[in-house]
Amino acid sequence: MGSEEKEPPSSNRRLSCSPCFDALWFCYSPVHQMQQYYRLGVLDNCSEKWSALVDCLTLKTKRSSQIQEILDTRERAKPPHIWTFRTPEEASTHWKELFGDIDKVE
C-alpha cells in the first residue's frame with residue numbers, strides 16, 4: 001500500500017496514515033504470515049510496511065506545501081502501469097508485428 005490515500009489530485013490533499021497502519025497490522029496476522037511461508041518459504045518481517053508507516057508519519061510533520069510537492073514528485077517518478085491501453089488500430093498493428101507470420105501458409 002502506498003503512503004497516501006488514493007484521492008483525486010487537488011491542491012488540498014489530506015494525508016492519512018491509516019492505510020499504512022492497516023497494512024502493517026495485517027502483515028503480522030497469521031493469515032498473511034502463513035501465506036508468505038507457503039509462497040516463499042519464509043515469514044514476512046514486514047519491514048516494507050514499517051518503512052511506509054514511518055515515511056507517512058514523517059511527512060505529517062512537514063508543511064502542507066512541502067507535502068504536496070513531495071507527493072507530486074513521487075507520483076511523477078512512478079513507473080508506468082503494467083497494462084497499457086491501445087486503440088484498435090494500435091492493437092492490430094502490434095498483433096501483426098508479433099504474430100503476423102502465423103497466418104502465412106507454408
Side-chain angles (χ1 to χ4, degrees):
M1 294 190 147
S3 61
E4 71 273 352
E5 284 186 359
K6 297 291 184 191
E7 292 181 3
S10 68
S11 60
N12 215 358
R13 201 180 333 190
R14 184 155 173 105
L15 186 65
S16 173
C17 295
S18 294
C20 298
F21 182 76
D22 292 343
L24 179 63
W25 187 268
F26 178 73
C27 186
Y28 285 109
S29 72
V31 170
H32 176 74
Q33 292 296 328
M34 289 299 102
Q35 191 178 54
Q36 290 299 100
Y37 190 77
Y38 178 77
R39 290 179 180 169
L40 305 174
V42 292
L43 297 176
D44 192 352
N45 66 2
C46 304
S47 62
E48 290 178 19
K49 308 297 188 285
W50 275 109
S51 296
L53 180 62
V54 169
D55 181 48
C56 182
L57 292 172
T58 304
L59 275 177
K60 293 274 243 187
T61 65
K62 302 195 182 303
R63 292 190 319 249
S64 61
S65 60
Q66 284 179 316
I67 293 173
Q68 186 64 38
E69 210 173 288
I70 291 169
L71 293 178
D72 288 344
T73 304
R74 288 180 184 177
E75 191 67 33
R76 285 192 298 273
K78 282 184 181 177
H81 195 273
I82 188 169
W83 294 102
T84 56
F85 297 100
R86 298 186 173 115
T87 64
E89 295 79 25
E90 290 172 332
S92 176
T93 304
H94 185 69
W95 179 268
K96 287 177 184 171
E97 287 174 9
L98 291 176
F99 306 110
D101 58 339
I102 292 177
D103 292 336
K104 295 178 183 172
V105 179
E106 295 180 16

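Numbers here are sequence positions counted from 1. It should be emphasised that the depicted structure is a prediction, and the values quoted were computed from it without experimental measurement. Heavy atoms only: backbone and side chains are in, while hydrogens, waters and symmetry mates are out.
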Begin from the C-alpha positions of D55 and R74 and carry the test side-chain contact (heavy atoms from CB on, under 4.5 Å) through to its verdict. CA-CA 12 Å; D55 181 48; R74 288 180 184 177; 2.8 Å; yes
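S64 OG to E69 CD: the interatomic distance, rounded to the nearest 0.5 Å, is 11.0 Å. Note: T61 OG1 to Q66 CD = 8.5 Å, rounded to the nearest 0.5 Å. With values rounded to the nearest 0.5 angstrom, S65 atom OG is found 9.5 Å from I70 atom CD1.
Disulfide criterion (SG-SG under 2.5 Å) for C20 and C56: not met.
At most 12 non-hydrogen atoms from other residues, nucleotides or ligands lie less than 6.0 angstrom from CD of E48. Few gaps surround NZ on K60; more than 12 heavy atoms of other groups in view lie less than 6.0 Å from it.
Counting only residues at least two apart or on different chains, the side chain to side chain donor-acceptor pair (under 3.5 Å) pairs with a member in residues 31-41 are H32-D44.
Hydrophobic side-chain contacts under 4.5 Å tie L53 into a cluster, directly or through other members, with F21, L24, W25, Y28, W50, L57. With side-chain heavy atoms closer than 4.5 Å counting as contact, directly or through intermediates, the hydrophobic cluster containing L40 also holds V42.
One N or O on the side chain of S29 and one on the backbone of F26 form a donor-acceptor pair closer than 3.5 Å.
Put simply, the side chain of T73 reaches to within 4.5 Å of the side chain of R76, judged on heavy atoms.
Of all the heavy atoms in E90 and R86, the pair that sits closest is OE1-CA, 3.3 Å.
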